[in-house]
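These notes are about the structure you will find just below.
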Amino acid sequence: MTASIYAIVNQKGGTAKTTTTENLGIGLAREGKKVLLVDTDPQASLTISLGFPRPDDIEPALPDLMRMAMDEELIPKGTGVIHHDEGIDLIPSNIALAGTEVSLVTAMNRERIMKQLLGDMKKDYDFILLDCMPSLGMLTVNALAAADNVLIPVQANYLSAKGLEQLLSTVSKVKRQINSKLRIEGILLTMVDGRTNYAKEISNLIRDTYGSHIKVFSTEIPRSVRAAEISAEGRSIFLHDPKGKVAQAYQILTKEVIDNAEKRRKHQLEQLR
Ligand code: ADP
Ligand code: MG
């Protein structure tokens, strides 16, 4: 087994990166996959959302592991990994990660520290999802350098659609300079208010503008207060509102992600023959 790594990225805040990481991750575990989620945001929203309300008290967490990787220390298996009831593992974050981002700037091999850290863990998982912070700084570049795939949640409004250009150009730059195998898995429309014409217009705008060269998932995540509630619950939408439309949408997304990964794996195997 060697994990496919996905960076869940958008430099805009509030596009449902964290919500998508949590529910796609748990969705994958519900399909029998071994899943590791990595909280790469100093704000630790993913860690908190998964039911660890005081991330600053957790040690070791991602900043400690990043420091060990920078110092080329041996990291014993399982260090800094905590298990969540719903069948996933998590590397939590906390505010110290903001300091890590600063120290990365002068570190040797600074773009590849996260890749180095995840290298040893790849064989223990089918999927590793990296929840990124709302910026295109060193931590996000590290996530893009470590990833095989980029998944871009976009809130269905006009300004979000506009902000995509800068993100796509950063992804291309990382691909050219640091990680040639990086590919875009797709754009995921989130918080879609299905009843309005405006949401349909934005959805069409994004599909028309990018659809010819980037996959835009046909599954859209509907807006629902039930989804907003889970961050205080420590559990996924699949437990919080199992029959709701958001759970259903994340389940379809999960299957689509698994399907794509299996197709790629088959294709790679055929090329090796
Ligand atoms: P990001 O990680 O991109 O900043 P979050 O996942 O934290 O975004 O989501 C931003 C806010 O929107 C949070 O308060 C979250 O609970 C809420 N939210 C996420 N998805 C939905 C949804 N489908 N419907 C309604 N609210 C949502
Ligand atoms: Mg977030």
Side-chain angles (χ1 to χ4, degrees), residues 6-27 37-53 55 61-62 88 90-95 97-98 101 129-137 139-140 142-144 147 150-157 159-164 166-167 170-171 185-196 198-199 202-203 206 217-254:
Y6 294 71
I8 319 297
V9 188
N10 193 325
Q11 78 278 22
K12 226 175 121 16
T15 70
K17 291 179 287 298
T18 299
T19 306
T20 297
T21 306
E22 174 172 354
N23 293 296
L24 173 60
I26 290 174
L37 305 186
V38 186
D39 190 346
T40 79
D41 183 348
Q43 289 199 30
S45 314
L46 178 65
T47 305
I48 295 168
S49 241
L50 283 167
F52 305 95
L62 184 62
I88 51 129
L90 167 72
I91 298 182
S93 168
N94 59 45
I95 193 64
L97 196 63
E101 175 144 52
L129 310 187
L130 313 176
D131 182 27
C132 292
M133 64 191 292
S135 89
L136 296 172
L139 284 167
T140 300
N142 262 264
L144 291 172
V150 183
L151 196 155
I152 307 173
V154 177
Q155 206 188 331
N157 67 40
L159 284 177
S160 300
K162 292 300 261 182
L164 272 173
Q166 194 194 357
L167 173 56
T170 301
V171 171
E185 171 77 13
I187 294 173
L188 174 69
L189 282 153
T190 62
M191 298 184 228
V192 178
D193 204 340
R195 289 160 305 183
T196 65
Y198 177 66
I202 296 298
S203 167
I206 291 178
F217 284 102
S218 49
T219 320
E220 298 181 354
I221 310 297
R223 177 185 294 282
S224 154
V225 63
R226 305 294 276 159
E229 286 163 2
I230 64 163
S231 34
E233 296 281 334
R235 57 186 189 168
S236 73
I237 195 70
F238 301 111
L239 286 189
H240 184 62
D241 185 29
K243 295 205 156 52
K245 55 191 181 176
V246 174
Q248 196 184 3
Y250 274 114
Q251 191 185 8
I252 297 171
L253 174 73
T254 301

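Remember, it's 1-based here, ligands and their atoms both numbered in the order they're listed. Remember, it's a predicted structure, so these values are computed and weren't measured experimentally.
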Within residues 239-253 or reaching into it, pairs that qualify as salt bridge (Lys or Arg N to Asp or Glu O under 4.0 Å) - sequence neighbours excluded
Arg226-Asp241
Within the structure, is a non-hydrogen atom of Thr190 found at a distance of less than 4.0 Å from ligand 1?
no
Side-chain donor-acceptor pair present, Thr18, Asp131, cut-off under 3.5 Å
yes
Sub-4.0 Å heavy-atom contact, Ser45 with ligand 1:
no
Checking Thr20 against Tyr250: is there a side-chain donor and acceptor pair closer than 3.5 Å?
yes
Has Asn10 got a side-chain atom pairing as donor or acceptor with Val154's backbone, closer than 3.5 angstrom?
no
Taking all atoms of both residues into account, what is the closest heavy-atom pair of Pro92 and Ala61, and its distance?
O-CB, 3.4 Å
Please state which option from Ile221, Thr18, Ile48, Thr21 has its nearest heavy atom closest to atom 2 (O) of ligand 1.
Thr18
Could you pull out the closest heavy-atom pair between Ala199 and Val192, with the gap in Å?
CB-CG1, 4.1 Å
When you measure from atom 19 (C) of ligand 1 to every protein heavy atom, which one gives the shortest distance, and what is it?
Thr19 OG1, 3.3 Å
For distances below 2.8 Å, what is the count of protein N, O or S atoms around the Mg ion (ligand 2)?
1
Is any N or O atom of Lys17, backbone or side chain, closer than 3.5 Å to an N or O atom of ligand 1?
yes
Do you know which two heavy atoms are closest between Pro53 and Gly51, and how far apart they sit?
CD-O, 3.3 Å
Return the residue, atom name and 0.1 Å-rounded distance of the protein heavy atom closest to atom 11 (C) of ligand 1.
Met191 CE, 4.5 Å
Taking the side chain as C-beta and beyond, is there a heavy-atom pair between Ile48 and Pro55 under 4.5 Å?
yes
Holding to ring-ring contact (aromatic ring centres under 6.0 Å, His included), I want the full list of residues that pass it with Tyr6, two or more places apart in sequence or in another chain.
Phe127
Can you sort out the partners of Glu220 under salt bridge (Lys or Arg N to Asp or Glu O under 4.0 Å), two or more places apart, ordered by chain and number?
Arg207
Are any of the N or O atoms of Arg223 closer than 3.5 Å to those of ligand 1?
no
How close does the nearest protein non-hydrogen atom get to atom 4 (O) of ligand 1, and which residue and atom is it?
Gly14 N, 2.7 Å
Looking only at protein heavy atoms, which one is nearest to atom 22 (C) of ligand 1, and what is the separation?
Ala227 CB, 3.5 Å
Is atom 13 (C) of ligand 1 close to the protein, meaning a heavy atom under 4.0 Å from it?
no
Do Leu50 and Leu37 touch side chain to side chain, with heavy atoms closer than 4.5 Å?
yes
What atoms in ligand 1 come closer than 4.0 Å to a heavy atom of Thr15?
1 (P), 3 (O), 8 (O)
Below 4.0 Å from any atom of ligand 1, is there a heavy atom belonging to Pro134?
no
Does atom CD of Gln11 have more than 12 heavy-atom neighbours from other groups under 6.0 Å away?
yes
Please state which option from Cys132, Ala16, Ala232, Gly244 has its nearest heavy atom closest to atom 8 (O) of ligand 1.
Ala16
If you take the nearest heavy atom of each of Ser224, Gly13, Pro222, which one is closest to atom 23 (N) of ligand 1?
Pro222
Straight-line distance of Asp41 CG to Ile95 CD1, nearest 0.5 Å
9.0 Å
Counting only heavy atoms closer than 4.0 Å, does ligand 1 sit against the backbone of Ala228, its side chain, both, or neither?
both
